[in-house]
Each structure stands twice: as C-alpha cells, then as structure tokens.
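Only one structure is covered here, and it is reproduced in the block below.
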Amino acid sequence: MQDQAAIEQLARVKLDESWKTALAPVLLSDRMANLREFLANTKRQQKVVYPPNSQIFRALNDTPLDKVKAVILGQDPYHGVGQANGLSFSVNKGIALPPSLRNIYHELKTDLGIQPPQHGDLSAWAKQGVLLLNSVLTVEQAQPTSHQKQGWEEFTDAVIDVINEQRQSVVFILWGAYAQRKGQRIDTRKHLVLKAAHPSPLSANRGGFFGCKVFSKTNQYLIQHGIEPINWQLDA
C-alpha cells in the first residue's frame, strides 16, 4: 500500500520524468510534505505567490537531466508582478529587464561581443542545456526571501547532487556568496565550477563580476570535453 501511495503521489508531480525518477526520495520526504502544506496554507491565506504553479518546476522541465551542460544558480524568484517565470534571472518578453539581467547582458557583450536582446527571456539557453535553477523555487509577492527555509533548499541541493553524481563535465556558474556556498558540494574533479561576484548592481559595481568571462570559459570547457558549446545569442 505504501508503494502504491508513493506512486500516486509522484504521479501528481508535474515534473520531467528524468528528474522525477532521480529525485523521487526527496519528493517523497517529510520535508517536501511540509513544504507542500506551507504552500497550500499560503494559498488559503490568498497570498500571491510567484511564479505561477505551472512554472514552479520550469527550469527542470525545460532542461531534462540528460541534457544538462551548465547550471546557472540563482537564489529565489523575482518578487515583482509578472517577473518570475521559473528560470533563474529570466523574465518573459515584454517585462522590463531587472538590473541583474542588464549586468549579465553587459558581461555577455564584453565577453563574446553579443549584442544584448531587447527582452529578458532566457529560455533559449535552457533548451540548449543550461539549467537556470533558483535555490528557492517560490516567493510571495513583494516579499523577497519569504519562502526560504521551508524545504526548497533541500530539494535543490538534491538537484545539484544528482547532477554531480550522474552527469560528467558540467559547468556550474556560481555568482555570489550564496550560490558559492551551495556549490561547495560539487566534485571539481568531474565538473568545472566558475565563481564570480553576483550580477546585482550592489555586488557587480564593487568588482568581481564584470570581466568574469563565464560564457567563453563555459564554451571552452565544453569543447575541450567533446560537448557542443552553448549558443549564447538570444536573438536570431
């Protein structure tokens, strides 16, 4: 009966099968049950949560486990109206570019000479194997970090562990101290870890982000390991 209940519970999770299989133990854990109750209680209180339910697992659904070439790790979703779309640092077309994304585009141009697009949709990267993963996958409107320490961190730690153990030659791009602490579990004998300051204006302007050249370094590493590089150009 317990196995059947677990099967039924997993069936309700709208998550790519490659990730669902790999993450089954954490998805069935008490910590995730507590997280589901927290989210349900938030909904009962009629609080607005971002991103929409259908996009909470978008990063994993857009980039299946066997397609992961690189990981860009964020902290938690944007908390403004219409901003969060389930991909770290990304916003949908038609939404004003957040400051961090403007700085990412500036570095992209400096590093590879790519002219920044007029939109903030990074889904083209995700479809090529760039896992745009936030550490925390939901947030309350206008309340930054409001869903931290509710269980998401353990879930995304498990995501990183699965990549670390089951994949080879993945590039982890860790911007800022928070991402770098979370990345301490990565085996640098199997993978490349690129560290730099966070692209937010406060951090980037203090130095350590501009000039980090993570885009070219990522492609150099992938090519060296016989993996097709990322086309970082977002507009054809």
Side-chain angles (χ1 to χ4, degrees), residues 10 12-24 26-27 32 35-36 39 49-80 82-93 95 97-98 100-101 104 119-139 144-145 147-148 150-167 170-176 178-180 182-183 185-186 191 193-194 198-199 214-215 218 222 230-232 234:
L10 285 174
R12 291 193 292 269
V13 180
K14 293 177 170 45
L15 182 59
D16 174 85
E17 286 299 325
S18 66
W19 288 113
K20 189 183 291 189
T21 300
L23 297 169
V26 70
L27 288 168
M32 287 302 288
L35 173 59
R36 284 191 292 273
L39 293 172
V49 173
Y50 299 130
N53 281 353
S54 63
Q55 296 183 332
I56 289 174
F57 290 124
R58 183 181 175 190
L60 300 170
N61 289 330
D62 279 10
T63 312
L65 176 57
D66 63 342
K67 303 297 184 185
V68 176
K69 298 178 181 179
V71 181
I72 296 180
L73 187 61
Q75 189 163 347
D76 57 356
Y78 296 123
H79 54 86
Q83 289 184 304
N85 66 8
L87 304 177
S88 63
F89 297 103
S90 175
V91 293
N92 291 330
K93 291 179 179 178
I95 301 296
L97 296 183
S100 291
L101 187 52
I104 290 170
H119 62 81
D121 179 10
L122 304 181
S123 59
W125 294 355
K127 291 171 183 174
Q128 294 181 75
V130 182
L131 180 64
L132 298 166
L133 182 69
N134 280 316
S135 176
V136 176
L137 301 189
T138 57
V139 70
T145 72
H147 287 189
Q148 288 188 6
Q150 298 296 333
W152 280 129
E153 291 91 345
E154 289 87 345
F155 176 77
T156 51
D157 279 349
V159 171
I160 292 171
D161 288 344
V162 164
I163 299 169
N164 191 31
E165 294 162 9
Q166 298 189 21
R167 303 283 286 125
V170 171
V171 182
F172 289 84
I173 297 172
L174 308 179
W175 287 325
Y178 181 93
Q180 289 162 24
K182 195 172 181 72
R185 58 206 308 117
I186 299 163
H191 308 286
V193 175
L194 298 175
H198 195 275
V214 296
F215 304 105
T218 294
L222 294 176
I230 306 299
N231 177 8
W232 297 105
L234 288 163

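In this text, all values refer to a predicted model and were calculated from it rather than measured experimentally.
Note that CG of Leu132 and OG1 of Thr63 are 6.5 Å apart. Values are rounded to the nearest 0.5 Å. Put simply, CG on Leu194 and CG on Leu174 are 8.0 Å apart, with the number rounded to the nearest 0.5 Å. The NZ atom of Lys20 sits 9.0 Å away from the CG atom of Asn61 when rounded to the nearest 0.5 Å.
For the pair Ile230/Leu222, a side-chain contact is recorded, criterion being any heavy-atom separation below 4.5 Å from C-beta on. Ile104 places a side-chain heavy atom less than 4.5 Å from the side chain of Phe215. Two residues are said to be in side-chain contact when any heavy atoms from C-beta on lie closer than 4.5 Å; Val71 and Val171 fail this criterion.
Here the closest heavy-atom approach between residue Ala84 and residue Pro77 is recorded as CB-CB, 3.8 Å. Listed here is the closest heavy atom pair of Val91 and Leu101: CG2-CD2, 4.4 Å. Residues Trp175 and Pro199 share a closest heavy-atom pair of CB-CD, 3.7 Å. Considering every non-hydrogen atom in both Leu60 and Asp16, the closest pair reads O-CB, 4.0 Å. Minimum heavy-atom separation, Ala22 to Leu65: CB-CD2, 4.1 Å. When all heavy atoms are compared, the tightest approach of Gln83 to Pro98 is NE2-CG, 4.1 Å.
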Chi angles and distances behind the side-chain contact (heavy atoms from CB on, under 4.5 Å) call for Phe155, Met32: CA-CA 8 Å; Phe155 176 77; Met32 287 302 288; 3.9 Å; yes
After noting the C-alpha distance and the side-chain angles of Ile186 and Ile160, does the key distance pass the side-chain contact (heavy atoms from CB on, under 4.5 Å) rule? CA-CA 8 Å; Ile186 299 163; Ile160 292 171; 4.0 Å; yes
Yes or no on side-chain contact (heavy atoms from CB on, under 4.5 Å) for Leu10 and Leu27, after CA distance, side-chain angles and deciding distance? CA-CA 7 Å; Leu10 285 174; Leu27 288 168; 3.9 Å; yes
Determine, step by step, whether Val170 and Val68 satisfy the side-chain contact (heavy atoms from CB on, under 4.5 Å) criterion, reporting the C-alpha distance in whole Å, the side-chain angles of both residues, the deciding distance to 0.1 Å, and the verdict. CA-CA 7 Å; Val170 171; Val68 176; 4.0 Å; yes
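Side chains of Trp152 and Thr138: a donor-acceptor N/O pair is present below 3.5 angstrom, by distance only.
For the pairing with Leu133, the side chain to side chain contact (heavy atoms under 4.5 Å, CB included) check across Leu73, Leu87, Ile163 returns one residue only, Leu73.
Looking at residues two or more places apart in sequence or on another chain, you find a side-chain hydrogen bond (donor to acceptor under 3.5 Å, both in side chains) between Thr156 and Lys182. By the ring pair (Phe, Tyr, Trp, His ring centres under 6.0 Å) test, His79 pairs with no residue at all, sequence neighbours left out. Scanning for ring pair (Phe, Tyr, Trp, His ring centres under 6.0 Å) contacts around Trp19 gives an empty result, with sequence neighbours left out. Applying the ring pair (Phe, Tyr, Trp, His ring centres under 6.0 Å) criterion to Phe172, with sequence neighbours excluded, gives His191.
Arg185 contributes no side-chain N or O that, together with a main-chain N or O of Asp161, makes up a donor-acceptor pair within less than 3.5 Å. Checking side-chain atoms of Gln150 against main-chain N and O of His147 turns up no donor-acceptor pair under 3.5 Å. No donor-acceptor pair closer than 3.5 Å links the side chain of Gln148 to the backbone N or O of Val136. Proximity of a side-chain donor or acceptor of Arg167 to a complementary backbone N or O of Val162 within less than 3.5 Å is not detected.
Close placement of the His198 and Phe89 rings is indicated, their centers lying within 6.0 Å of each other.
In this pair, Trp125 and Trp232 present their aromatic rings perpendicular. The plane angle is above 60°, beyond the 30 to 60° band.
For residues 84-93, the set of pairs meeting the side chain to side chain donor-acceptor pair (under 3.5 Å) definition, not counting sequence neighbours, comprises Asn85-Ser90, Asn85-Asn92. Screening residues 60-80 for salt bridge (Lys or Arg N to Asp or Glu O under 4.0 Å) gives Arg58-Asp62 as the qualifying pairs, with residues at least two apart or on separate chains.
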